[in-house]
Each structure stands twice: as structure tokens, then as C-alpha cells.
Visitor: 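My questions all concern the structure below.
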Amino acid sequence: MALFDKFKKSKEKKRIKGAGLLFCPEQVPQKALDQISEMFHIDKVGEENNIILTQEDKEILLLACCPGDEGENGSYAKEQLEGVAGYVYNNPTTLVEIKRSLFYHLRQCSTLIQIFYTFESAGTKETQEKEKQVLAPILSITEKLEGVLTLGDGMTLLNGQGQIILDKTGKSELSSYLPSELPVPKDWAKEAPSESVARRNQSIKRLRERQVHAAYWLPLLWEKAEEPGRTTEEVCARAAALLIVALYSECRVGDHKSYEEAWEFITPIIENYGASKFFSPNEQKYLNDPDSTEQTQIQYSWQYENLWVMEWALGLTDDLFWPDRICDVPASVRIIGEYQTMQELLAAAKLRPREELLQQADLIFRLHWACVDAQVMKMPPPQGVDAGVVMERHRSLFWLAGCDNMCPWDDVDLST
């Protein structure tokens with residue numbers, strides 16, 4: 001009899017419990033629950049903030065809330081959303097790009113779904129099998145809501161495929177990761193030219209191909225390709241001015257020449273190009289200042305980057321490389337140096353269409369935003385780009401594309 005009682009006891013089933021949290025970008029918890037209801041073809045009752053999924057002895061309870069909710073639900077959602085973002089930000093991983101994108105993803109999450117599941121089990125093998133069965137719909141929900149899932153102790157973050165995005169040791173099962181994109185409101189920039197939206201979409205596509213996140217809601221460039229832009233003469237003059245300013249700066253900061261010696265070097269070049277009127281007010285002030293600081297000289301030595309972009313715009317090179325390094329300075333001097341006078345330069349130049357210039361301007365604006373945002377977060381620039389090169393490209397391409405009402409060189413807006 002005792003043996004029979006022991007056998008019966010071993011077959012008794014226990015109620016196994018588990019929990020997790022799902023963070024998703026949906027701003028309205030009720031809409032997240034509506035999507036879940038549609039997935040599983042269940043009737044959702046009124047404005048309840050929960051859904052229960054059942055199958056045989058398995059039950060999954062989903063509770064949705066957001067920081068805007070009143071009372072404990074709102075406080076809890078705020079605490080958890082801020083907590084998980086902070087956890088990722090402080091994670092010691094060397095996988096900086098995955099960490100950055102996951103942080104972006106969590107930062108745009110607005111809804112928290114608490115997950116509680118239970119099932120009956122008589123042993124370890126059955127428990128493992130039923131946990132897989134319970135996890136399957138939870139992962140499907142995570143995928144549908146473009147969310148990030150954590151189970152148990154909350155130290156491992158999963159995607160909708162059940163892959164580890166990041167764990168507490170800084171490891172990941174992914175080679176790359178990008179956050180979901182928040183939908184742009186239908187009335188956002190509804191009066192913008194269609195070509196502006198198309199440029200934005202193309203830029204986002206190219207950035208995502210390089211695993212760089214830039215938000216869709218950044219401002220558009222409203223300039224139209226058919227409107228008059230910079231002339232070939234303007235761009236050639238700007239290229240000559242940049243060459244001279246960069247060479248002067250290299251004389252001062254690189255070769256440690258005196259003010260007089262530097263001027264002696266650039267004077268013949270100014271005369272050959274007839275460039276005395278090509279300089280912007282800030283450039284002219286700099287060139288006329290015998291006491292410019294080393295920092296100012298270094299700053300103006302970056303004009304080789306702008307010169308390279310002008311040479312590309314004029315068709316003198318096709319290599320507008322990904323800005324993860326500085327340009328080949330000797331090559332930039334050689335390219336324009338093949339044309340010793342403004343007449344020769346104008347004869348060789350073939351200015352690229354304004355649409356091409358606008359597309360590149362739109363792209364660099366969004367990449368510059370990513371660099372600045374990374375700096376604000378005290379993270380390195382995305383995908384190894386050189387933030388200094390990106391900023392100078394922003395200046396050159398915005399001027400070339402005639403952004404901000406064809407503003408002068410000194411007035412190019414570099415804000416993002």
C-alpha cells in the first residue's frame with residue numbers, strides 16, 4: 001500500500017509558474033492588446049488592460065500599461081522602461097553597435113506588457129516541453145509588436161525569434177541589430193514635396209544597409225531639384241578658395257611657417273586662380289590674421305575634406321567614399337592641381353545634377369544626426385565613421401545643394 005501511495009504521489013502534477021516583460025514601441029497599450037487579439041482571433045472585452053490566452057492546462061496572462069497610466073500601473077511601467085534602457089546603456093559589452101541599437105529601440109518603447117504564465121507538469125521533461133509551447137506564442141507576440149522580451153530574472157533580452165540580443169555578460173547571438181522604426185504620423189510634413197520624402201526614404205535605406213539607425217521623423221530637405229542651384233563657376237571658385245585656405249593652414253600648423261612665409265607660398269596660387277574675391281568673410285579674416293591660434297589653424301586645415309567634396313561635385317573624382325576616414329590629402333591637391341588656372345578648371349568641370357547633390361546632402365544630414373546623438377549618449381560614432389569628416393561633408397553638401405535658401409558658405413547650418 002505504501003509503495004502504491006508513493007507511485008501515485010510521483011504522478012501528481014504541480015502548477016508551474018513563470019513571468020516576463022515585453023517592451024514595445026506601440027504608444028497606446030490598448031492598441032497593442034488589439035493586435036494580440038487579432039493574432040489569436042479572440043474577442044477582447046471593452047477597455048480591459050489584459051488578455052488571457054489558454055490552451056488545455058496552459059494559461060498566459062498579458063497585462064499592458066504605459067507611463068501615462070494613472071496609479072501604480074503608470075509608475076511601474078515608467079520604472080521598468082527606464083530601468084531596462086539604463087541596464088543596456090551600462091552593459092559592459094564590447095558589441096557597441098548592438099548595444100547602441102538596442103538602447104535606441106528601448107528608448108522608443110512606450111508600452112510595457114507584463115507576462116504571467118502557468119501550466120501543469122509532473123516532471124522536468126514535461127516542464128521543458130510545455131515551456132517551449134508557452135514561449136512560442138509569446139515570441140510571436142514579440143515579433144508582431146516589434147518588441148524586446150525578457151524572461152525570468154530580466155537579465156537577458158530576446159528578439160521575436162528567441163535570439164539573445166544582449167545578456168548580462170555582454171554577449172549576443174546576433175551579428176547585427178537595428179531598432180524598429182516608429183511610424184510617422186500621416187499628417188507629418190504632409191505639404192512637403194514628394195521628392196523630399198523620397199530622398200529621406202532613400203537615405204534611410206542606405207543607412208540601414210550599413211547598420212546605422214536614423215529616425216524617420218528628422219526634418220526633410222524641402223529644396224526642389226528643378227529650382228536653380230549653384231553654378232559651375234561658384235563651385236570652382238569655392239574649390240579654389242578651400243585649396244588655398246587648406247594649404248595656408250598646412251603651412252602654419254604642419255610646416256610651422258611664419259605668417260609671412262605662408263602668404264608667400266599661397267600668393268602665386270591666388271594669382272593663378274584670380275581667387276582674391278573667392279574667400280568667405282570668415283576665411284578672409286583668418287588669412288589676414290598673423291596671430292591666429294594653432295587651434296584655428298587646425299580647424300581650417302579640415303578644408304581638405306570640403307575640397308574633396310567640391311572635386312567630387314565637379315566630376316573631377318567619383319570617389320565620395322563612406323566617411324570613416326579622412327580624405328587622401330595629397331590626392332586632393334593633385335586632382336585640382338592638374339588645372340593651374342580658373343579657365344582650365346572651368347573647362348574640366350562637369351557639375352553633378354542638383355538632385356544628386358540634394359540626395360547626398362540628405363544622407364549626410366541624417367548620418368550627422370546619428371553622430372551627434374551618439375556623442376550626446378557618450379558613445380562612439382556609428383559604424384566607425386569619422387564625426388569630423390561627417391560634419392565637414394554636411395557643410396559642403398548643404399552649400400552645394402543650395403540648402404537654406406542658397407545661404408553663404410559661412411552661414412551653413414550644421415545643426416541636426
Side-chain angles (χ1 to χ4, degrees), residues 4-26 28-66 69 72-73 76-77 79-81 83-84 87 102 105-106 109-168 172-174 180:
F4 181 73
D5 289 343
K6 185 176 180 181
F7 179 77
K8 278 182 61 180
K9 187 175 182 181
S10 68
K11 293 295 184 180
E12 287 179 359
K13 294 199 173 188
K14 296 180 181 179
R15 199 71 189 172
I16 306 299
K17 298 180 180 180
L21 295 173
L22 171 59
F23 308 92
C24 68
E26 175 56 62
V28 182
Q30 293 296 332
K31 290 185 178 180
L33 293 177
D34 289 343
Q35 292 185 61
I36 297 171
S37 299
E38 292 173 5
M39 285 179 66
F40 296 97
H41 308 289
I42 60 176
D43 294 327
K44 182 172 162 294
V45 181
E47 296 299 313
E48 291 292 331
N49 72 334
N50 66 84
I51 286 178
I52 299 177
L53 305 177
T54 59
Q55 184 183 46
E56 298 175 343
D57 63 307
K58 298 182 288 294
E59 180 177 287
I60 303 172
L61 171 62
L62 305 167
L63 299 171
C65 55
C66 71
D69 291 345
E72 293 183 0
N73 282 349
Y76 181 74
E79 175 186 335
Q80 293 301 318
L81 287 164
V84 71
Y87 163 68
L102 179 55
H105 195 149
L106 291 167
C109 286
S110 300
T111 290
L112 169 68
I113 298 178
Q114 300 175 69
I115 303 168
F116 303 95
Y117 61 86
T118 64
F119 54 82
E120 292 182 352
S121 174
T124 302
K125 186 175 181 180
E126 185 177 6
T127 296
Q128 292 174 345
E129 182 60 33
K130 287 191 173 180
E131 280 182 338
K132 291 180 181 178
Q133 295 172 6
V134 167
L135 186 57
I138 293 174
L139 289 175
S140 295
I141 292 168
T142 303
E143 184 80 2
K144 174 70 173 178
L145 298 180
E146 299 182 308
V148 175
L149 174 68
T150 181
L151 300 169
D153 64 4
M155 305 302 284
T156 299
L157 300 171
L158 308 172
N159 64 13
Q161 300 298 315
Q163 298 166 304
I164 297 173
I165 307 171
L166 198 65
D167 67 16
K168 64 181 179 182
S172 175
E173 293 181 342
L174 305 177
S180 63

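None of these values were measured; they are calculated from a predicted model.
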Visitor: Using a 4.5 Å cut-off on heavy atoms from C-beta on, say whether the side chain of I36 contacts that of I113.
Guide: yes

Visitor: Is there a side-chain contact between F23 and L112 in this structure, where contact means two heavy atoms from C-beta onward sitting under 4.5 Å apart?
Guide: yes

Visitor: Go through it in stages, so that I can follow the logic: the residues are L53 and Y117, the test is side chain to side chain contact (heavy atoms under 4.5 Å, CB included), and I'd like the CA-CA distance, side-chain angles, deciding distance and then a yes or no.
Guide: CA-CA 9 Å; L53 305 177; Y117 61 86; over 6 Å; no

Visitor: Measure across V134 and I60 and return the closest heavy-atom pair with its distance rounded to 0.1 Å.
Guide: O-CD1, 3.7 Å

Visitor: Any chance you could lay out the side chain to side chain contact (heavy atoms under 4.5 Å, CB included) test for C24 and E146, step after step, and finish with the verdict?
Guide: CA-CA 6 Å; C24 68; E146 299 182 308; over 6 Å; no

Visitor: Would you sort out whether Q80 and Q114 count as a side chain to side chain contact (heavy atoms under 4.5 Å, CB included), showing the intermediate values?
Guide: CA-CA 10 Å; Q80 293 301 318; Q114 300 175 69; over 6 Å; no

Visitor: For S172, check side chain to side chain donor-acceptor pair (under 3.5 Å) against everything at least two apart and list the hits.
Guide: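 So S172 forms no side chain to side chain donor-acceptor pair (under 3.5 Å) with any residue.
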
Visitor: Can you confirm whether K58 is buried at NZ, in the sense that more than 12 heavy atoms of other residues, nucleotides or ligands lie under 6.0 Å from that atom?
Guide: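 Yes, the 6.0 Å shell around NZ holds more than 12 heavy atoms from other groups.
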
Visitor: Check salt bridge (charged side-chain N to carboxylate O under 4.0 Å, His left out) between D57 and all other residues, then give those that pass, not counting sequence neighbours.
Guide: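 By the salt bridge (charged side-chain N to carboxylate O under 4.0 Å, His left out) rule, D57 matches K130.
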
Visitor: Taking C-beta and beyond as the side chain, do N73 and N49 meet within less than 4.5 Å on heavy atoms?
Guide: yes

Visitor: Give the intermediate values and the outcome of side chain to side chain contact (heavy atoms under 4.5 Å, CB included) for residues T150 and V84.
Guide: CA-CA 10 Å; T150 181; V84 71; 5.9 Å; no

Visitor: Kindly indicate whether the side chain of E26, heavy atoms from C-beta on, has any atom under 4.5 Å from the side chain of Q35.
Guide: yes

Visitor: Which distance, rounded to the nearest 0.5 Å, do you find between the OG1 of T54 and the CG of L61?
Guide: 11.5 Å

Visitor: Between OG of S121 and NZ of K14, what distance do you get to the nearest 0.5 Å?
Guide: 9.5 Å

Visitor: At what distance, to the nearest 0.5 angstrom, does OH of Y76 lie from CG of D69?
Guide: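 So the gap between those two atoms works out to 13.5 Å.
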
Visitor: Say you draw a straight line from OH of Y87 to CG of L102; how long is it, rounded to the nearest 0.5 Å?
Guide: 9.5 Å

Visitor: Output the distance between atom CD (E79) and atom CD (E72), rounded to the nearest 0.5 Å.
Guide: 11.0 Å

Visitor: Looking at L33 and L62, what are the two nearest heavy atoms and their distance?
Guide: CD2-O, 4.5 Å

Visitor: Can you see which heavy atom on A64 is nearest to which on P29, and at what distance?
Guide: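 Closest approach of A64 to P29: CB-CB, 3.8 Å.
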
Visitor: With heavy-atom distances below 4.5 Å as the criterion, would you say the side chains of L135 and L151 are in contact?
Guide: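 Heavy-atom side-chain distance check passes, below 4.5 Å.
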
Visitor: Just one of K17, E59, R15 clears the side-chain hydrogen bond (donor to acceptor under 3.5 Å, both in side chains) bar with T118, so which one?
Guide: R15

Visitor: Compare every heavy atom of A122 with every heavy atom of K13, then report the nearest pair and how far apart it is.
Guide: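 Answer, listing the atom of K13 first, then A122: CG-CB, 4.0 Å.
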
Visitor: Please report the closest heavy-atom contact between S110 and C66, naming both atoms and the distance.
Guide: O-CB, 3.2 Å

Visitor: Any chance you could measure L149, atom CG, to I138, atom CD1, to the nearest 0.5 Å?
Guide: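 The CG atom of L149 sits 7.0 Å away from the CD1 atom of I138.
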
Visitor: For residues 155-164, run the donor-acceptor check on the side chains, cut-off 3.5 Å, and write out each pair with its distance to 0.1 Å, sequence neighbours left out.
Guide:
from	atom 1	to	atom 2	distance (Å)
N159	OD1	Q161	N	2.9
N159	OD1	G162	N	3.2
N159	OD1	Q163	N	2.9
N159	ND2	Q163	OE1	2.9
Q161	NE2	E143	OE1	3.4
Q161	NE2	E143	OE2	3.4

